[in-house]
Every structure is written in structure tokens, then in C-alpha cells.
Number of protein chains: 2
Amino acid sequence: MRRASLDSVNCSIAQTLDVVGDPWTLLVVRDALWGVTRFDEFRRSLGIPRATLSTRLRDLVDHGVLEQRPIEEGATRSEYVLTRKGRDLRPVLVAMLQWGDTWAELPTPPVTLVDSTTNESLDLTYVDQTSGRALRDIAVGRRINTHSASAAEHSATG
Amino acid sequence: MRRASLDSVNCSIAQTLDVVGDPWTLLVVRDALWGVTRFDEFRRSLGIPRATLSTRLRDLVDHGVLEQRPIEEGATRSEYVLTRKGRDLRPVLVAMLQWGDTWAELPTPPVTLVDSTTNESLDLTYVDQTSGRALRDIAVGRRINTHSASAAEHSATG
DNA sequence: GAGATTGGTTCAATAATTAGACTCAGCTCG
DNA sequence: CGAGCTGAGTCTAATTATTGAACCAATCTC
């Protein structure tokens with residue numbers, strides 16, 4: 001968190017990790033995506049210490065990922081709901097879910113994502129909208145965007 | 001890391017975070033995907049303290065994300081290269097890159113991903129291969145896979 | 001209004017991270 | 001050969017973060 005290394009500041013991945021790089025943070029977001037909103041709900045679901053949850057929620061609110069608001073007009077208790085920014089983290093969690101399904105030594109994937117209108121299983125894959133090809137079949141490189149100049153490097157297929 | 005909370009162990013996301021939940025770890029993997037292999041290369045690129053890098057690399061090797069091997073036959077110095085398991089983390093980093101591009105207050109995205117054979121920009125989106133629809137247009141729910149029973153919950157569109 | 005529940009804060013103990021010094025092995029250059 | 005540099009770490013002491021446990025004030029429940 002306090003880390004903001006020299007070469008890395010100018011990188012969107014580092015920026016993202018600055019917000020959600022903590023081990024607990026994405027678990028909070030995961031629960032929020034499944035509709036958890038209340039302090040104790042998070043605490044019981046995650047088994048996270050109160051103090052830690054308290055600072056995590058505050059950080060997420062500060063970063064605009066969660067919105068804290070009274071559970072009803074004038075109430076003192078709060079609920080925490082994802083903002084658009086927070087809901088946009090779903091692909092990160094989908095990617096982690098898939099990696100865990102593939103590589104964690106669990107007998108069977110614990111949850112399957114479904115289309116909640118049809119209840120059909122989802123088979124989510126990163127696809128390049130320009131070429132229609134799947135990420136797994138693409139040799140990915142990068143172009144570094146300086147104000148003026150530009151250069152490209154490459155990396156093997158993932 | 002020492003956290004492995006009760007409700008969360010049986011979740012692929014938690015399993016993933018157990019391996020890459022640390023703030024530095026995914027930055028190491030990011031660099032590795034771009035071809036960084038040597039201790040000092042990582043250290044200089046990330047600005048990470050030596051001791052921290054040392055334990056991170058050891059952890060990643062222990063988890064089978066990186067392979068450590070002598071830079072050449074019989075050499076004492078090592079290089080660290082991604083395993084298949086490690087390369088499979090690319091979607092996680094792509095998702096984080098996109099979130100950072102969208103939400104970090106950077107004037108312009110620092111890097112653009114390209115197809116390194118054609119140098120064309122990539123426009124990567126999660127698509128459900130079954131229905132052909134983009135994740136952003138799907139109301140995602142989940143089916144919880146117990147050995148026998150099953151149930152489904154839903155969550156609003158991301 | 002007694003007792004549980006919710007949503008926190010405070011505290012002391014423990015664990016992780018850090019910067020910086022140190023080590024040791026291999027080059028490299030004269 | 002020997003001095004100095006670089007790479008790849010380890011060690012130590014100081015700083016920070018995390019944790020569990022206790023505490024507290026509102027709110028609900030009956």
C-alpha cells in the first residue's frame with residue numbers, strides 16, 4: 001500500500017494494486033458483488049477481524065469502490081454498496097476464479113458462474129473484439145504510450 | 001497470507017488470493033510476463049526491497065508459479081521463469097490493466113496491449129462462449145457445487 | 001427494560017515489511 | 001595477480017500492519 005515504486009507508478013496494473021492489492025480487499029469486493037452490504041455480514045462471511053474490516057471498508061469508500069450510506073433515511077447504521085467503479089472489478093474476480101478453478105487443488109470448482117436469467121453456465125473467455133481471437137491464442141506485446149514517442153515490446157503467448 | 005478464513009477456503013478466488021494476494025506478487029508476475037527473469041532486474045524494475053523480493057520469489061517458486069533454474073549449466077546464479085501455471089495469470093493482469101486504465105486518474109493509458117505479430121491494438125473483452133454475449137451485458141449468478149446438492153443465487157449485472 | 005445484535009473503537013501482542021549494511025562469488029580490466 | 005564492480009542474496013534493527021480480545025454505544029427483540 002505504502003509502496004508506490006518508481007517504475008511502477010506509471011502502470012495501470014500498479015494503480016489497480018494500489019487500491020485492491022491487499023489480500024482482504026478483493027474478498028470484500030467479491031462478497032459485495034454477491035450482495036453483501038452490512039459490516040457484520042462481511043465479518044462473518046470472511047472471518048476478518050473487525051479492526052481490519054473497518055479499515056478495509058474505509059479505504060474502499062475513500063477510493064470510490066464502495067459507497068457507504070445509512071441503511072435507511074436518518075439511520076445511524078450503514079450499508080456498503082458497490083459503485084460503478086467497484087462493479088467494474090468483476091472481470092478481475094472472474095479471472096481469479098478461473099485461475100483458482102484451474103490451479104488450486106480443489107476436487108471440483110466450488111462455484112459455477114451462471115446467467116441468472118437462464119441459469120445456464122457461463123464459459124467466459126477473453127476475446128479480442130477486433131480480430132475475434134481468444135487471448136490464449138494471441139502473442140501479446142505492448143506499446144508504451146509516452147506523450148509523443150512510442151515503442152513496442154513483445155511477450156510470448158499466455 | 002496466514003489468513004485462510006472459514007467460509008472462504010472453499011472458494012477459488014480465495015485460493016488465488018492465497019497465492020497472489022500480496023501487493024508485490026502480481027507486479028513480479030507482470031514483469032515476468034514481459035520477460036524479466038533475473039533478481040536484480042525485478043528489484044530495479046519494481047523498487048522492491050531485496051529481502052521482500054527474495055521471499056516473494058521463493059513463495060512463487062514454492063507455489064509453482066515460477067521456476068528457478070541456473071542461468072546456464074552449472075552456474076550459481078539463477079533465473080526465474082514463469083511456468084504454465086504462472087502464464088495462466090495473464091487474464092488477471094489484463095483485467096487489472098483495464099480497470100486501472102479506466103479508473104486510475106492517469107491522463108492516458110500508459111501501455112496498450114498489442115498483437116505482437118501484427119502490432120495491432122487489442123480490444124480484450126470477456127465473452128461467454130456459449131451465448132456469445134459480453135460479460136458486461138450478463139446478469140451473473142452462481143451455482144454452488146456441493147458434492148450432491150446445488151443451489152443458485154444471483155447478482156446484478158457488472 | 002433486559003438481553004442480544006450490530007457496528008464499530010481501543011489496546012497490547014505478534015507478524016510482516018522496510019532500509020541499510022553486510023557477504024560472497026564471478027567477472028573485468030590493467 | 002589484484003582492485004573494483006556487479007549480481008544475488010542474507011542479517012539486523014526499526015517501522016508498520018495485522019490480529020485477537022476487550023470494550024462501548026446504539027438498535028432491535030421480546
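Residue numbers begin at 1 in each chain, while the letters A, B, ... track the order of the sequences.
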Next on the checklist: Check whether Thr37(B) reaches the backbone of Val81(B) with its side chain - one donor and one acceptor, N or O, closer than 3.5 Å.
Outcome noted: no

Next on the checklist: Using a 4.0 Å heavy-atom cut-off, does Thr52(A) contact any base of the nucleic acid, only the sugar-phosphate backbone, or nothing at all?
Outcome noted: base

Going only through I, L, V, M, F, W and Y residues with side-chain contacts under 4.5 Å, is there a path from [X] to [Y]?
X: Leu60(A); Y: Ile71(A); result: no
X: Leu113(A); Y: Leu135(B); result: yes
X: Met96(B); Y: Leu97(A); result: yes

Item to check | Donor-acceptor side-chain pairing of Thr130(B) and Asp123(A) below 3.5 angstrom | outcome: no

Next on the checklist: Please tell me whether Thr108(A) and Asn145(B) have a donor and an acceptor in their side chains that are separated by less than 3.5 angstrom.
Outcome noted: no

What is the separation between atom [atom1] on [X] and atom [atom2] on [N], rounded to the nearest whole Å?
X: Ile48(B); N: dG20(C); atom1: CD1; atom2: P; result: 16 Å
X: Arg69(A); N: dG7(C); atom1: CZ; atom2: P; result: 14 Å
X: Leu53(A); N: dT18(D); atom1: CG; atom2: P; result: 13 Å
X: Glu72(A); N: dA26(D); atom1: CD; atom2: C1'; result: 14 Å
X: Leu46(A); N: dT19(D); atom1: CG; atom2: C1'; result: 15 Å

Checklist entry - Base, backbone or nothing for each nucleotide of nucleotides 7-13 of chain D, written B, S, -, heavy atoms under 4.0 angstrom, 5' to 3'? => result BBBBB--

Checklist entry - Between Lys85(B) and Asp88(B), is there a side-chain N and carboxylate O pair less than 4.0 Å apart? => result no

Checklist entry - At under 4.0 Å, does any side-chain N or O of Trp24(B) touch on OP1 or OP2 of dA16(C)? => result no

Next on the checklist: With a cut-off of less than 4.0 Å, is there a side-chain N or O of Arg56(B) near OP1 or OP2 of dT17(C)?
Outcome noted: yes

Checklist entry - Can you name the nearest heavy-atom pair linking Val28(B) to Phe42(B), along with the distance? => result O-CE2, 3.4 Å

Item to check | Contacts of Ser116(B) that satisfy side-chain hydrogen bond (donor to acceptor under 3.5 Å, both in side chains) - sequence neighbours left out | outcome: none

Checklist entry - How sharply is the helix from dG1(C)-dC30(D) to dG30(C)-dC1(D) bent, taking the axes over five pairs at either end and rounding to 10 degrees? => result 20°

